[in-house]
Amino acid sequence: MEIELIQDGKAVDYNKYQEVIENVKESLFRRNMDKETKEWMYISNFVGILLDKDRLILSLPKSVIIKEDVDKEILLYKYARLFDLYFVVNEKKCDLINKYESIENWCNQAIKENKTTTMTQEIITFKFEMVFEWMIGEFFQNQISIQKGDVLFNSQLLDKEIDINDTKYNTYHWNAIGKQTKDHKQKQIIQERESVFINQNKKNIPDIVCERILENPKYERPQKSCCILDAKYYGWDYEKEAYYLPRNLDIYKQFFYQEQFQHIYEKENESNVGVYNFLVLPDYLGDTKDTKWGIIRQCAVIEFDYHQSQKIAVLQVDIEKLVDFIYSGLDMKEDVLSVFLGNNRVVPMIYGNEKV
């Protein structure tokens with residue numbers, strides 16, 4: 001059975017995939033106009049598997065390098081196992097898994113039986129952002145979980161599990177200014193009514209939060225650390241070969257989480273905790289392959305003129321190696337995050353608003 005590879009974020013040959021594009025939901029392929037030819041081009045907008053006539057189409061994640069000599073069947077099973085694991089770990093429903101026990105089983109059966117179809121079928125498709133976030137969380141041992149709508153933080157430093165949206169840690173107050181009139185005869189103020197407000201639940205859900213204890217911290221860093229990581233799958237300009245930095249809303253959201261976790265430790269009387277901010281991006285340039293671990297590196301620090309006590313360290317990660325890590329494990333031999341915390345390019349906020 002023929003297996004074809006396309007890639008999320010890259011244009012496909014319209015002549016070759018016209019029927020596919022016309023027979024699947026519009027969100028799977030977005031249409032852009034080529035700046036040079038002024039013609040429409042169709043760009044894969046998903047990661048997953050399609051069955052079209054007598055071929056399987058595997059759309060790979062952004063940044064994954066597609067080698068000419070790659071064994072496509074092995075690659076298909078690799079991502080099928082990743083999708084299976086994502087559904088199982090995150091307790092998500094999937095009709096295909098219910099019927100065939102796993103996506104990998106479906107792929108195996110399809111290849112053995114040379115399955116065919118008259119119209120393109122969506123076997124499994126993802127907006128890969130949530131899968132990427134989950135993988136980064138697994139890599140760094142995420143301590144955030146969502147259970148029945150509660151955002152739970154299983155803190156090792158506090159030795160307890162807390163709901164970060166509990167009003168103890170996340171609240172605001174309002175004071176009404178009543179409508180008043182003046183009685184000129186009696187020369188006194190008469191209050192007619194007060195405005196009434198109802199508090200709405202605040203659901204703050206950071207992507208990834210993990211704690212570390214540094215054995216021998218340098219640069220006068222605190223030994224106790226809390227890291228808030230934002231996994232961003234999007235944000236690459238193929239023409240300029242450059243990253244897009246996050247929008248203001250994303251940045252200020254991270255600042256808010258950073259300050260919120262400072263207050264959580266303060267409320268629990270846990271002093272001198274360094275709270276760090278990280279942004280994690282796919283490695284589009286292959287820069288991680290020559291690093292110590294071959295999977296991740298720090299590529300930048302974002303600094304802000306109006307928020308000098310808050311910096312965001314930017315990490316690149318090799319998605320293909322990350323996939324290998326998720327279902328087969330890689331021997332890192334040391335805690336990667338602790339290594340990043342030990343250099344002078346990663347700067348925390350300190351409990352009590354003290355600056356390092």
Side-chain angles (χ1 to χ4, degrees), residues 85-94 126-174 197-213 222 224-234 246-271 273-281 307 310 312-315 317 322 326 335 337 341 348-351 353:
L85 191 59
Y86 173 74
F87 277 108
V88 171
V89 171
N90 294 280
E91 298 180 347
K92 292 184 178 292
K93 295 180 180 179
C94 176
F126 291 94
K127 285 286 192 181
F128 201 65
E129 285 82 351
M130 294 302 294
V131 183
F132 181 64
E133 178 185 314
W134 164 69
M135 290 197 296
I136 296 297
E138 290 289 305
F139 185 76
F140 287 113
Q141 300 171 336
N142 192 9
Q143 292 166 232
I144 289 286
S145 63
I146 301 175
Q147 297 179 20
K148 296 181 180 178
D150 293 331
V151 184
L152 303 179
F153 174 46
N154 186 14
S155 174
Q156 298 169 357
L157 297 181
L158 301 177
D159 195 26
K160 64 191 288 189
E161 186 175 68
I162 62 173
D163 179 358
I164 68 169
N165 289 316
D166 188 299
T167 53
K168 178 180 179 181
Y169 310 108
N170 179 34
T171 188
Y172 67 93
H173 304 278
W174 52 268
F197 299 91
I198 298 174
N199 286 351
Q200 294 191 61
N201 290 334
K202 302 295 180 292
K203 287 296 180 185
N204 301 309
I205 310 175
D207 288 356
I208 301 152
V209 180
C210 42
E211 297 168 320
R212 296 292 188 270
I213 297 178
K224 299 171 184 176
S225 304
C226 174
C227 302
I228 302 166
L229 298 99
D230 188 18
K232 291 296 184 192
Y233 174 67
Y234 65 80
R247 300 176 181 89
N248 281 352
L249 182 61
D250 293 322
I251 290 171
Y252 283 110
K253 183 178 65 174
Q254 290 304 113
F255 285 173
F256 174 81
Y257 292 150
Q258 195 173 28
E259 292 170 0
Q260 183 187 22
F261 275 84
Q262 276 190 290
H263 292 308
I264 287 174
Y265 290 114
E266 180 182 356
K267 289 281 187 182
E268 296 295 333
N269 297 315
E270 181 62 69
S271 62
V273 177
V275 184
Y276 299 77
N277 245 325
F278 288 88
L279 174 67
V280 188
L281 307 171
H307 306 275
Q310 292 171 293
I312 299 179
V314 185
L315 307 178
V317 65
L322 188 61
I326 293 303
D335 182 66
L337 196 53
L341 295 177
M349 291 183 70
I350 307 296
Y351 166 88
N353 292 320

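No experiment lies behind these values; they were computed from the predicted model shown. The first residue of the sequence shown is numbered 1, and numbering continues consecutively from there.
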*Does the Glu211 side chain pair with the main chain of Leu157, one donor and one acceptor, at a distance under 3.5 Å?*
yes
*Worked check of side-chain contact (heavy atoms from CB on, under 4.5 Å) between Tyr276 and Ile228*: CA-CA 6 Å; Tyr276 299 77; Ile228 302 166; over 6 Å; no
*How far does CD of Gln262 sit from NZ of Lys267, to the nearest 0.5 angstrom?*
14.0 Å
*asked:* Working to the nearest 0.5 angstrom, can you tell me the gap between Met135 CE and Tyr233 OH?
replied: 8.5 Å
*If every non-hydrogen atom of Ile208 is compared with every non-hydrogen atom of Ala231, which pair is closest and at what distance?*
CD1-CB, 4.4 Å
*Which residue pairs pass the salt bridge (charged side-chain N to carboxylate O under 4.0 Å, His left out) test with at least one member in residues 133-161, sequence neighbours excluded?*
Lys160-Glu268
*asked:* Nearest 0.5 Å, please: how far is CG in Leu337 from CG in Leu229?
replied: 6.0 Å
_Pro246 versus Ile251, closest heavy-atom pair with distance_ = O-CD1, 3.7 Å
_Arg212 CZ to Ser225 OG distance, which is reported to the nearest 0.5 Å_ = 9.5 Å
*After noting the C-alpha distance and the side-chain angles of Val280 and Val314, does the key distance pass the side-chain contact (heavy atoms from CB on, under 4.5 Å) rule?*
CA-CA 6 Å; Val280 188; Val314 185; over 6 Å; no
*Give the minimum heavy-atom separation between Pro206 and Ile144, together with the two atoms involved.*
O-CG2, 4.0 Å
*If you look at every heavy atom in Asn142 and Val209, which pair is closest and at what distance?*
OD1-N, 2.9 Å
*Between Phe255 and Tyr252, what is the ring plane arrangement, given parallel below 30°, perpendicular above 60°, and tilted in between?*
perpendicular
*Kindly determine whether Ile326 and Leu85 satisfy side-chain contact (heavy atoms from CB on, under 4.5 Å), including the steps that lead there.*
CA-CA 9 Å; Ile326 293 303; Leu85 191 59; 3.4 Å; yes
*Any donor-acceptor pair under 3.5 Å linking the side chain of Asn90 with the backbone of Lys92?*
no
*Residue pair Asn154 / Gln143, side-chain donor-acceptor N/O under 3.5 Å*: no
*Classify the ring geometry between Tyr86 and Trp134 as parallel (under 30°), tilted (30 to 60°) or perpendicular (over 60°).*
perpendicular
*Using the benzene-type ring in the case of Trp, are the ring centres of Phe87 and Phe126 under 6.0 Å apart?*
yes
_side-chain hydrogen bond (donor to acceptor under 3.5 Å, both in side chains) assessment of His263 paired with Glu266_ = CA-CA 5 Å; His263 292 308; Glu266 180 182 356; 3.2 Å; yes
_Heavy-atom closest contact (Ile164 atom, Phe153 atom, distance)_ = CG2-CB, 3.6 Å
_Working for salt bridge (Lys or Arg N to Asp or Glu O under 4.0 Å), residues Lys224 and Glu270_ = CA-CA 10 Å; Lys224 299 171 184 176; Glu270 181 62 69; 2.5 Å; yes
*asked:* Once side-chain contact (heavy atoms from CB on, under 4.5 Å) is applied, do any residues pair with Asp230, and if so which ones, sequence neighbours excluded?
replied: Asp207, Lys232, Gln254, Leu279
*Considering all heavy atoms, the nearest Leu281-Phe132 contact*: C-CZ, 4.1 Å
*Hey, could you give me the SG/CG distance between Cys227 and Leu341, rounded to the nearest 0.5 Å?*
4.0 Å
